[in-house]
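Structure record follows, encoded as structure tokens.
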Amino acid sequence: MDRLIAVKPAEAWVAALPRVDRLTSREREVFALLSEGVSNQALADSLYVSERTVRAHISSISEKLRLDSRMQLCLASHSYNFGCRAALVKTVADDNGDAG
């Protein structure tokens with residue numbers, strides 16, 4: 001018998017993009033670096049903080065953006081940093097029936 005696993009829709013990271021403005025300036029720095037796909041230790045080294053501090057920032061970012069995986073955070077970060085944000089936010093609004 002196969003087990004079914006409940007998975008959030010792939011669009012969860014798209015819906016998180018409008019919430020990026022809730023992040024502190026330091027959280028935005030960490031969020032921006034997540035698009036590079038590097039380890040927590042590499043993030044810590046580049047920000048001159050401990051790995052534990054990076055983990056705390058990532059946890060806070062995840063909570064504020066309502067994302068529950070590093071993959072979703074990385075996808076959101078990449079999209080946000082490379083100019084896809086406006087088109088994706090518009091797509092989410094369109095899908096939700098919101099006017100332009």
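The model shown is predicted, which means the values in this text are computed figures rather than measured ones.
Between Leu33 atom CG and Glu36 atom CD the span is 5.0 Å, to the nearest 0.5 Å. To the nearest 0.5 Å, atoms OH (Tyr80) and CG (Leu73) are separated by 14.5 Å. The structure places CD of Glu27 at 12.0 Å from CZ of Arg22, a figure rounded to the nearest 0.5 Å.
Looking only at side-chain heavy atoms (C-beta outward), Lys64 and Thr24 come within less than 4.5 Å of each other. In this structure, the side chains of Leu65 and Phe31 come closer than 4.5 Å at one or more pairs of heavy atoms. Taking the side chain as every heavy atom from C-beta outward, Arg28 and Ile61 never approach each other to under 4.5 Å.
No side-chain N or O of Ser62 forms a donor-acceptor pair with one of Ser59 less than 3.5 Å apart.
The shortest non-hydrogen separation linking Arg70 to Ile58 is NH1-CD1, 3.5 Å. When all heavy atoms of Leu43 and Ser46 are compared, the pair lying nearest together is O-OG, 3.0 Å. The minimum heavy-atom distance between Arg19 and Arg66, with the atom names listed, is NH1-NH1, 3.5 Å. Among all heavy-atom pairs drawn from Ala12 and Leu67, the shortest one is O-CD2, 3.5 Å. When all heavy atoms of Ala76 and Leu17 are compared, the closest pair comes out as O-CD2, 3.5 Å. Minimum heavy-atom separation, Leu34 to Cys74: O-SG, 3.4 Å.
For CD of Glu51, the number of neighbouring non-hydrogen atoms (other residues, nucleotides, ligands) closer than 6.0 Å is greater than 12.
The closest donor-acceptor contact from the side chain of Ser77 to the backbone of Ser35 lies under 3.5 Å. Between the side chain of Asn40 and the main chain of Val54, no donor-acceptor pair closer than 3.5 Å is present.
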